[in-house]
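To start, the structure itself, in structure tokens.
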Amino acid sequence: MGQNVFSVQWKKSEEAQYKSRVFQEIGSARLFADSIRNVWTENGFLQTEVGQQQRLDTLFIHIDSGPLFFWEELRMGEVPQKLWTRIGMSGKNYSEPYGWMEKVVREAENHGYPFAKIWLDSVKIEGESLSGVFVFEEGPLITWDSLVVSGDTKTQQRYLQQFSGILPGAVFSQSDLEKSIQRIKRSPYFSLASVPELNFQIKTAKPYFILKDRKINVFDGVIGLIPNQNEPNTLLLTGELNLDLYHLGGKGRDFSVHWQRLNIQSQSLEVSAKESFLFRSPLDLQLNFSLLKQDSSFVNRTFQIDFGYRISDSGYLKFFNRRQSGDLIGTSERTSPLPTSLDYRWNQYGIGSTWDWLDDPFFARRGAILTTEISLGNKRVIENTALPVELYQEIPRSSPQFQGMVNAEKHLFLKPFLGLYFRLNGAIMKNENLFLNEFYRLGGLRSIRGFNEKFFFADRYAFFSAEQRVFFGDNSFLMVFGDFGVLNNPYFSPKNDKPRSFGLGINLDTEGGLFSFVFGLGSSNMQPLSFSYSRIHFGYLARF
């Protein structure tokens, strides 16, 4: 081995000249030569020859493919016609039957025969042509037995069967088992504590799932008592309360209450409840109620009922009916013009979808999520007896109203400590007469930062957020961000606003909960860019 150059030369039988490549190490040269020989053998060059010759300081490795073999005749033998018809095999090149046999085995595994086997028998060689007979043994038909749930979880067996799609008595499917594992990994309620096990008994398969519940329940709040300026010698309850309970009873039942009262005259309340797999059907039922009292101007109420259905592992479709109402709290005597807020009733029907490709339901680092919603309904204007009838003459009492919304998020994981997050939100409502008390409300920690909560009113909006995140833990990171929006409010002058904000913050995941601290500086038509208008958004979620 005194030479220091190694040349690999190769050519197929129909080629006139060799191709070559030079290496400085014998190990790399032989590895490259073996890879060429293996590829040719898999593609039908069954008599590939490898030789070597030394000239001076160079070792030449020659690879000749030899003739190309092909399948002249392939008979089905005992292969069921349904498999042959369902999969099919048209060509006769050397590698195709082997790929086809793999498809047959996978097809059998997914239709109740996990012990199926297939091979080529009675193979004959005549010149460069081959012939053979497929032999197939399907084995016993296997069905699913009841799955077993164990581990640190309250999840009920019946719920997991519906959620995973593995139902007792159904025909065994390897692909269904793999899909169920992926569903469990993406569940917001629990995760896999170990690799699932599969136990085959008498013509049945029993899967064993060891689960661990996630800490996703939330309870936090701030309660305060201040003197009531409207009623002397009394106290006013203020503060914020958030309660989110998930997977109650291990059956996918959710319940949440969000209450907020940060000043004397304004407060909001949101209540929701969800029941998964209603009456053992694939449908989910969710009820939502919200109330918003805006100082002494108006009060809004919304009731919504949703029916949801999982159309795929990543897709979720819902149909809903939403009833909104708005009522003025106080009116002053006037002859004109008509107030920007009026009493109304809006009954709408709509459809929504969610496409979730995130790698984690709570602390995603890769993937995307897309949510859309569209609804149409009839809005009625209710005459307020405190206002003159003449003010309503130019307004239709009933008219159709449209509403649409889209939210998109994208997570990019660039390095183990560096990631990017992008968000695009937009919505629109259309009607010949829109009122201020039915507009969208934006601003604050969950939308455009650097402004007070629900600072903006808009009948249409779009805003884009970008964050650069530096991770220093599994779910903890530092961030810098920018928010850029476009809003429309026909009651303001100018009616178009382009708020923008930037800032930095920290997200800290601790044993007791999730701590968020964000400093934002924003500007708009109603707020100049000044540190005196900066906002600090503080959040803490105690998870259990």
Side-chain angles (χ1 to χ4, degrees), residues 1 3 5-55 58-140 173-175 178:
M1 301 298 294
Q3 70 282 345
V5 178
F6 307 92
S7 176
V8 179
Q9 299 180 335
W10 69 95
K11 76 178 184 73
K12 293 183 179 179
S13 56
E14 68 274 10
E15 296 175 342
Q17 296 182 347
Y18 282 94
K19 299 176 183 178
S20 63
R21 184 172 175 181
V22 177
F23 297 86
Q24 299 300 319
E25 298 178 353
I26 183 62
S28 301
R30 286 178 174 169
L31 184 64
F32 182 73
D34 288 342
S35 65
I36 293 177
R37 180 178 58 187
N38 293 336
V39 170
W40 282 358
T41 301
E42 291 175 357
N43 285 274
F45 295 97
L46 304 182
Q47 296 180 353
T48 299
E49 296 181 354
V50 180
Q52 64 183 38
Q53 182 182 11
Q54 183 175 337
R55 300 175 191 171
T58 304
L59 178 66
F60 293 90
I61 301 177
H62 300 277
I63 310 174
D64 292 282
S65 67
L68 176 63
F69 288 80
F70 63 94
W71 292 100
E72 180 68 28
E73 181 183 13
L74 287 170
R75 289 175 290 162
M76 287 301 98
E78 301 176 5
V79 179
Q81 183 64 31
K82 60 182 180 181
L83 288 177
W84 175 257
T85 304
R86 194 156 52 217
I87 302 177
M89 185 177 66
S90 56
K92 292 186 177 181
N93 63 66
Y94 179 78
S95 61
E96 184 172 359
Y98 299 101
W100 182 82
M101 286 191 290
E102 291 180 2
K103 293 181 181 179
V104 169
V105 172
R106 287 198 299 269
E107 188 76 7
E109 287 178 341
N110 294 332
H111 289 82
Y113 298 96
F115 301 105
K117 297 183 294 183
I118 187 171
W119 67 92
L120 273 169
D121 196 15
S122 304
V123 177
K124 297 181 180 179
I125 303 177
E126 294 182 4
E128 298 171 1
S129 63
L130 305 171
S131 63
V133 179
F134 287 111
V135 178
F136 177 76
E137 291 182 3
E138 63 182 6
S173 172
Q174 181 66 29
S175 65
E178 294 170 358

| field | From CA spacing to verdict: side chain to side chain contact (heavy atoms under 4.5 Å, CB included), K12, W40 | value | CA-CA 9 Å; K12 293 183 179 179; W40 282 358; 3.5 Å; yes

| task | In sequence, state the C-alpha distance, the side-chain angles, and the governing distance for Y94 and W71, and then conclude on side chain to side chain contact (heavy atoms under 4.5 Å, CB included). | result | CA-CA 6 Å; Y94 179 78; W71 292 100; 3.9 Å; yes

| field | Evaluation steps, side chain to side chain contact (heavy atoms under 4.5 Å, CB included), between E72 and K124 | value | CA-CA 10 Å; E72 180 68 28; K124 297 181 180 179; over 6 Å; no

| task | Kindly determine whether N93 and N43 satisfy side chain to side chain contact (heavy atoms under 4.5 Å, CB included), including the steps that lead there. | result | CA-CA 8 Å; N93 63 66; N43 285 274; over 6 Å; no

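For the pair I61 and A29, the tightest heavy-atom approach, listed with the atom from each and the gap, is CD1-CB, 4.3 Å. Here the closest non-hydrogen pair linking F136 and A108 is CZ-CB, 4.4 Å. V133 and S122 get closest at one heavy-atom pair: CG2-CB, 4.4 Å. When all heavy atoms of S129 and E126 are compared, the pair lying nearest together is OG-O, 2.7 Å. The two atoms that bring P114 and E109 nearest to each other are CA-CG, 4.0 Å, heavy atoms only. Considering all non-hydrogen atoms of both residues, L120 and G132 come closest at CD2-C, 4.3 Å.
Considering CD of E107 and OG of S173, their distance stands at 9.5 Å, rounded to 0.5 Å. Here the straight-line distance linking atom NE2 of H62 with atom CD of Q52 works out to 9.5 Å at 0.5 Å rounding. Expressed to the nearest 0.5 Å, how far CD1 of I26 lies from CG of L31 amounts to 11.0 Å.
The environment of CD in E49 is sparse: at most 12 heavy-atom neighbours from other residues, nucleotides or ligands sit within 6.0 Å.
Remark: side-chain polar atoms of T48 are paired, donor with acceptor, to backbone N or O of F45 under 3.5 angstrom.
F32 and W10 have perpendicular rings, their planes meeting at more than 60° on a 0 to 90° scale where under 30° would count as parallel.
Between E96 and F70, the closest side-chain pair of non-hydrogen atoms is not below 4.5 Å.
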